[in-house]
Each structure stands twice: as structure tokens, then as C-alpha cells.
Amino acid sequence: MSISTDRPWRDPALPAAERAGLLLAAMTLEEKIAQLGSRWAGNDMADTALPDDETINVAPMEDVFSVGGALSLEDASRDGLGHLTRVWGSYPQTVEQGVAEVIRQHEVVLKESRLGVPALVHEECLTGFTTYGATVYPASIAWGATFDPALIERMAAAIGRDMAAVGVHQGLSPVLDVVRDYRWGRVEETMGEDPYLVGILGSAYVRGLQSAGVVATLKHFAGYSASRAGRNHGPVSMGRRELLDIILPTFETAIATAGAGSVMSSYADLDGLPASADPWLFTDVLRDDWGFEGTVVSDYWAVPFLASMHRVVANDADAGALALTVGTDVELPDTIGFAGLLDKVKAGELSEDLIDRAARRVLLQKAELGLLDEGWTPEGSVKTSGVDLDSAENRAIARELAEKSVVLLDAGPVLPLSKDARVAVVGPCADDPRTLMGCYAFPNHVLPRYPERGLGVQIGSPLDALRNELAEVSYAKGCGVTGDDRSGFAEAVALAADSDVCVAFVGDLSGLFGHGTSGEGCDAEDLRLPGVQGELVDALLETGKPVVLVVVSGRPYALGEYAGRLSGLVQAFIPGQEGAAAIAGVLSGRIVPSGKLPVQIPRHVGGQPGTYLQPALGSVDSAGISGLETRPLYPFGYGASYTDFTIADLRLSVPEIGTDGEFTATVRVANTGDRGGDEVVQLYLRDVVAQVARPLTLLTGFARVSLEPGQAADVTFRVHADRTAYTAADLRRIVEPGDVEVMVGTSSLDLPCRAMLRIIGDVRVVGHDRVLTTPVTVSEVGGGG
């Protein structure tokens, strides 16, 4: 292959960093700045009339739309372009149409610019590739319920392969925010309330996506999920210690153990300082402490928000200069604040070195992705035939995920259902497939603006699936997900009264900015079931017939008022395209449930905070100190089964270790029931005495174990002393000598195996090079004695 001597950066034999440097040296200032921008050429997500004549504003920021949408792609590309925004994810199109549009936009960028540097294409992939006709996997909160990192990695690899096949280079996922308030609408996009669970599953997602050659983007850095009252974009009142111990470790783990290539800034302000204006976050922590070498991209419009929302600068140009200085490399989804960088440099108000710093990172990523290679063409970057975005392989993974994510909370006296029972199916989530999909699933994210295009994928409802499982099923909706229409109550109650058992499907319909009960901008005032669904449940219970409640939702709802009155309770966190059959299979007993709660189920609708990571004064041990009940209805990590497991015989390898040592903790788990199934063995640690108030239980390791009846296995956790590290009174992270309680069981409140370990030696300060994970091995030992 002949490499043009005037464009040596096209030589793939040269190191990527050298190629990026050569290209950077050949660029004008204008061309460098162009690499830091983006263009959303297909954006039609402004105010749109829905079929019911309601107007949806899916991004209610008219000022940024008017600026970003003013430029044609041709004008935006005259000096080159960093990113092409959501070519696939903005409106419904066939694979053939999407491929043609990717090629067209690339050709515009190459034609209009002097050096012909391709743009990088990014897309959303929170529940799979967010495009028309692509498989809709369970939402992230359901991934958390699987406690299965290997499965999450397989899913992400499949998503990455589909995206890479049609020319996508970067995926805006995973969300590594840790749930702090269940009222927050984006709980469904998280993997739960524990930083270790989120970090391990998020890292698995990164490895899977990047194995296909698609850059993963960690979001939202940092603190976004801890807003006051769970309000989207709300300010975050959080101390540095909580940020260091709860929020940041998920990102750190994904960078250190999975090599994540990109990080996205958060919208939120932390103690008054917007994330995009915080040099401590993006320089001291991310770059200097963690050694991150990838790109930082802004969340959509986060740069101009510094002026329009946070009001820490006067205008968009100042916002761009501030964000760049602090550490943002690429502005998404359109170049607005960064459009003023050229004038800032020419006026001597901004160093060109900062432009070079960011441009070098972008160009390095493009080199690593092959975009700078000699012979790269738009046509060669995509498959023009044979692409199936909803393949049988995809759906098999989606099905396994859904089945492993459904959480049986209480089998009661009637689950699994008798196949001969007369079953009344009631509720707004029973016959609406949209309730099975998340906010960032294409059918809920984009298709409400295109009702004539249907859902784009084959997806059945739980009602359809139950009719395939059971002999006699009747149906009445009862009420909607939202609203106060009770006109359907009478039919639903009559149907329930005439049945052997009633199965009520209640929960969420995901949407955007208030046009749903879960999802971005769909925050809740409290944790009661939306609309009049709670009243419907009460009316069904008053019939005296057995009622099984199935909650299909993106957040946990407070179910304490139904405790003791139901004949069965199932939680299905937005289980995706294959979720209906998964739920029906659990109800019928075809599937032995194995999901575990990644968030707790509260008792009371207003009881906050509800997460399990509480010190003594915020925990169940504080009863009597406050009149408010803090004990959850079901704790973190809990999930029942149709078979029985025992966990016993905790063995520590040593009674004490040094502050730089390690030990193993081994337990025996046995299936003592009559069906094969999975149990999730969970290891928690507790500091007996620490410099600061610490959580009474902290997940430190877990393993999903599959066992047949009578089978047993030894589960061994290898725990380094670093896993006990925490942020001390002086804000240094330390491993401290003292007693640590080791606890193993099946939830944060069911820990039958306990032992004490002593850590000896001097206090040890640890940093990014500390051990971040707890390796685990499972060894079959035969019979369950």
C-alpha cells in the first residue's frame, strides 16, 4: 500500500500517537477546533404533536436548538468535524437507508474539509442500539438484577457488533451513576444502588462493547444521580467523602479494569460547582490520579448550560472556554460553546495549547479506530448487506437477561400458578408492550413522534405470553398507567371476583421529560404507584380472591401497604423485548426465578433515603431514634426462588492480615430443593470501628451459582486488604488496622455466615493502584450435605 508523503498520518504502521501528532501538526487552528465539535444533522426532536394532540418537547431547551440547528452539515464541516451525532438514532429508517445516510454525511465531511479527516459516529445504546428495528434489551436496572457480569459482557459485545457493522464508532453507555434516591426518573438507566455491583457490571459492559471496536462512554461524571429530591438536573448536595466512596469508584473501576475509552460529563452541579466547570473532577481525579487517556465528551448541551442554566459564565463562548480548560474535549451534540474558541484564542484569552491537548486526544482515538488509515472510505466503513439488527442471537441474549432479571419477592400460596386455574389478568402493564421497554429504547424514545411506524420490533405483551402458558386467561385493563380514570375498575373487579386467581400488572411506562412515569425527566413526587393503580390493587384485594401483584417498573415502588394481603409478588425491572415470556415463565413455574434486587423495595411512599448503604443512625438498627421506619420491605440483594438453598460453613483462610495482605473467605452453597436453580452468594464487610461513620454492610463480592437438586459448591472470595479502604477524616483513602466483620449470605439483611478478621500493621494510604475487585471461584463439591 502506497502512503502519500504529504499525509504520513495515514500510515497504519506508525504508532497511533505519532500519527495523531503528525496530523495535528498539519492542521490550522480552525481545523483543530473543528475536531472538538459535532453536528446533529438528523435532529427533529423539538416540539412535536403526539397522537393525542399533546405536545412533547423531548429536549426542552429552545435556545440551544436554535443555535445548534442553524448550521447545515456542509457549513459545520468546512474545517472538518469531530463527531456525527445520532445518524441512526434520530428518526425511523431501514438499515439500507441508515447506511446510505452514514455514507452521505461522511462524504459531506470529507468533501468540505481540506484534510479529509472522517468524523466519528456516536449513538445511544442504553437498552441496545437505539435505532429502528434493533433488539431492545432489558434496561440497565434489570442488568443489575441479574448479578451476572459475564452475561452483560455478552450482551454488550452483541450490541457493539451491530453498531460497528453499520458504521458506529462510539456508544454513549454505560450509565455508572449509583442510585441515591428512588424518585429520580433515571433510576431505570442505572444498575443499582451499590457501587461495587455497578462498577463490576459496568466494566463488563465496557469490555463487551469495546471488544467489537466501539468506544464505550462512561456517564454521567459525576454525582448526577444524587440530586436533591431526585429531580432531573437538580443540584447535588454531597460531601467529598460520599463522592469518593460511593459515586466515583464505579467510574474508576471501569477505567482501571476495562480500559474505557471515553467519559461523559454530568449536567449536575456539586455543591454549587457544575461538573463541566470542576477542574478537580476532570484534571486532578480523572487525568492525574487515574491516568485516564481517553476523551471527555459533554453530555448534550452541557457546555452551553454553563451559561444558560448554571449561570457561572455570561455566554456560550465563555462556557466553551471554561469547559475546554477544565477538561471537556468534545462538545455534543452540536458545536455551540466551542464555536467561540477561535475568537478566544485570537484575542489571547485562551491558550492554543488547550486546543492542541483536546484535539490530540480526539485524533488519537480516530487513529486507533482506523479512521485515519490510508484507503478508509465511507462505503468501506459499513456493511451494505446482510445486517440483521434483531437477530436470533440477539434475542436469545435478551431472553436470558430478562429471565435472570425477574425477581420473585414472595411466592405466596399460589405461585407458581396452576395451569388449570381460571386466571384474571388485570392492569395497565398487562397488554402494553411499551411498558416492557426503557426510556432510551427506540420505540419509547423516538417512535412516539412516528405512530404510523409501530414499534419496529416484534414484542408481545405479558397477557399474550400468559395465554401461551395457561389454559384459561381473561383480561380487563382496569386503568391507565397515569391519570385518574377509574371507569374500568368495575369490569376488572368483576373479572377478578369470577376467577380463581387475579394477576395484576402495574408499574411504569417510560418516556422523556414528563411524558412517562420513568425515564429521563420523569421524576416522581413519592414512591406510590403512578396514577390510580394503587386504588385498583386495593379494589382487587377487596374481592377476597387471591391477587398476585407483578410490578413492571424502572424504579422500586413502596409496596408496604399491600404486605400480608397479596398471594404473590413479582418485581420485573423493565425486562425488554423478551420480557413478557420471562415474566409469564416465572408466574407459571416454567422458569425458576433467580433475579436479585439491585435496589431495595421500600415500605413507605415517602421514606427517603431508601438505599441500603447506611451507617448505624440511618439503618434498621436505629429503630426508636426516629418515628420513621427505615427497614425496607425487601432488602438489597434479595430474591426468592422455587427451590431452596442453604449457605453455611464460612471459613477464613487466616484470622488476621496486614494492611497490605489478603485472605480468602469460603462458604458452601447447596441446593436443598427439588428443582435446579441459581443462587447469588453475596459477601459483605463491616468496619467495627472507623474514623468516620461507615455503612453497616457493604457489598464486597458476589457470585451467581447454578446448582441442580442435591448439588453443592464451595464459593471462595479472595479479598485484598485494599477492599476495606475508605476515605478518612483527612480525605485520604486508607486501609486501617482493626476488626472487620466478614458476612456472607443472600441479601444485605440475610447474612447467616459471619466471622471476624483482624487487620494489623500501620495505617496505609492507597490510591488508584489499589485492588478494586474481589475475585471469586466456584468449585463443585458434589452432594448437598
Exercise. Salt bridge or not for R486 and E535, using N-O below 4.0 Å?
Worked result: yes
Exercise. Salt bridge check: are K404 and E400 linked by an N-O gap of less than 4.0 Å?
Worked result: yes
Exercise. What do you reckon, is CZ of R528 surrounded by more than 12 foreign heavy atoms closer than 6.0 Å?
Worked result: no
Problem set entry | Side-chain heavy-atom pair P138, M437 within 4.5 angstrom cut-off | no
For this session: Give a yes or no on whether the backbone of G89 and the side-chain of E123 come within a donor-acceptor separation of less than 3.5 Å.
Result: yes
Exercise. Should D485 and V532 be marked as a side-chain contact (heavy atoms from CB on, under 4.5 Å) after you check the CA-CA gap, both sets of side-chain angles, and the distance that decides it?
Worked result: CA-CA 8 Å; D485 184 359; V532 294; over 6 Å; no
Exercise. Which distance, rounded to the nearest 0.5 Å, do you find between the CG of L447 and the CZ of F442?
Worked result: 5.0 Å
Exercise. Can you tell if the side chain of M155 reaches within under 4.5 Å of the side chain of N394, non-hydrogen atoms only?
Worked result: no
Exercise. If you draw a 6.0 Å radius around CZ in R590, do more than 12 non-hydrogen atoms from other residues or ligands fall strictly inside?
Worked result: yes
Problem set entry | Heavy-atom donor-acceptor pair, S747 side chain to D750 backbone, under 3.5 Å | yes
Exercise. Looking only at atom types and distance, does a side-chain atom of S405 sit under 3.5 Å from a main-chain N or O of T146, one as donor and one as acceptor?
Worked result: no
Seminar exercise, completed: Closest non-hydrogen atoms of H515 and C522, given as atom of the first, atom of the second and distance, are N-SG, 3.9 Å
Exercise. Taking atom CD of E452 as the centre, does the number of heavy atoms from other residues, nucleotides or ligands within less than 6.0 Å exceed 12?
Worked result: yes
Exercise. Just by distance, do the side chain of E472 and the backbone of V423 share a donor-acceptor pair under 3.5 Å?
Worked result: no
Exercise. Between atom CZ of R555 and atom CD1 of I141, what is the distance when rounded to the nearest 0.5 Å?
Worked result: 11.0 Å
Exercise. Quick one: do the D299 and Y224 side chains pair a donor with an acceptor below 3.5 Å?
Worked result: no
Problem set entry | Side chains of R186 and V175 in contact at under 4.5 Å (non-hydrogen atoms) | no
Exercise. How many angstroms lie between CG in D498 and CG in L495, if you round to the nearest 0.5 Å?
Worked result: 7.0 Å
Exercise. Does any N or O in the side chain of T217 come within less than 3.5 Å of the main-chain N or O of G171, such that one atom is a donor and the other an acceptor?
Worked result: yes
For this session: Take E525 and R183 through the salt bridge (Lys or Arg N to Asp or Glu O under 4.0 Å) test and state the conclusion after the steps.
Result: CA-CA 7 Å; E525 291 183 1; R183 294 171 295 181; over 6 Å; no
Exercise. If you round to the nearest 0.5 Å, how far is OG of S567 from CG of L549?
Worked result: 11.0 Å
For this session: Check for a donor-acceptor pair, side chain of E188 on one end and backbone N or O of G185 on the other, with a separation under 3.5 Å.
Result: no
Problem set entry | Minimum heavy-atom distance between S510 and I574, given as atom pair plus value | OG-CD1, 3.4 Å
Exercise. Is there a side-chain contact between E193 and P598, using heavy atoms and a 4.5 Å cut-off?
Worked result: no
Exercise. Any side-chain donor-acceptor pair under 3.5 Å between Q458 and D390?
Worked result: no
Problem set entry | G488 backbone acceptor or donor facing E491 side chain under 3.5 Å | no
Exercise. So does R434 have more than 12 non-hydrogen atoms from other groups sitting under 6.0 Å from CZ?
Worked result: no
Exercise. Taking atom types as modelled, is there a side-chain donor on W40 or S90 under 3.5 Å from an acceptor on the other?
Worked result: yes
Problem set entry | Candidate pair F505 and V551, rule side-chain contact (heavy atoms from CB on, under 4.5 Å), full reasoning | CA-CA 6 Å; F505 286 85; V551 184; over 6 Å; no
Exercise. Centres of the W301 and Y267 rings: under 6.0 Å?
Worked result: no
Exercise. Is the backbone of P635 close enough, under 3.5 Å, to the side chain of Q600 for a donor and an acceptor to pair up by distance?
Worked result: no
For this session: Indicate yes or no for a side-chain donor-acceptor contact from K419 to the backbone of L470 under 3.5 Å, with no hydrogens or angles considered.
Result: no
For this session: With K219 as the cation and Y440 as the aromatic partner, state whether NZ or CZ is under 6.0 Å from the six-membered ring centre and within 45° of the axis.
Result: yes
Exercise. Between the side chain of E124 and the main-chain N/O of T130, is any donor-acceptor distance below 3.5 Å?
Worked result: no
For this session: Would you give the length of the straight line joining atom CZ of F489 to atom CG of D538, rounded to the nearest 0.5 angstrom?
Result: 9.0 Å
Problem set entry | Side-chain donor-acceptor contact under 3.5 Å, S461 with D431 | yes
Exercise. Taking all atoms of both residues into account, what is the closest heavy-atom pair of V198 and D177, and its distance?
Worked result: CG1-O, 4.3 Å
Problem set entry | Heavy-atom check, side chain of E189 versus side chain of E520, under 4.5 Å | yes
Exercise. Would you call K545 and D500 a salt bridge, taking side-chain N to carboxylate O under 4.0 Å as the test?
Worked result: no
Problem set entry | Cation over ring face, R453 and Y132, 6.0 Å, 45° | yes
Exercise. Cut-off 3.5 Å, side chains only: do D420 and S418 have a donor facing an acceptor?
Worked result: no
Problem set entry | Pair V547-V503, side-chain contact (heavy atoms from CB on, under 4.5 Å): steps then yes or no | CA-CA 6 Å; V547 175; V503 180; over 6 Å; no
Problem set entry | Residues E469 and S588: side-chain donor-acceptor under 3.5 angstrom | yes
Seminar exercise, completed: So CZ of R86 and CG of L332: to nearest 0.5 Å the spacing works out to 11.5 Å
Problem set entry | Any side-chain heavy-atom pair of V586 and P593 under 4.5 Å | yes
Exercise. Should P556 and P602 count as side-chain neighbours, where that means a heavy-atom distance under 4.5 Å?
Worked result: yes
Exercise. What heavy-atom pair brings D508 and S553 nearest, and what distance separates the two atoms?
Worked result: OD2-CB, 3.3 Å
For this session: Identify the heavy atoms of K477 and G480 that sit nearest to each other, and give their distance.
Result: CE-CA, 4.1 Å
For this session: Could you please spell out the steps behind the side-chain contact (heavy atoms from CB on, under 4.5 Å) verdict for C439 and L512?
Result: CA-CA 7 Å; C439 165; L512 284 170; 3.4 Å; yes
Exercise. What do you reckon, are the aromatic ring centroids of Y205 and W143 less than 6.0 Å apart?
Worked result: yes
Exercise. Are the side chains of L409 and L597 in touch, meaning some heavy atoms are under 4.5 Å apart?
Worked result: yes
For this session: For residues D181 and V187, report the shortest heavy-atom separation together with the two atoms involved.
Result: O-CG2, 3.7 Å
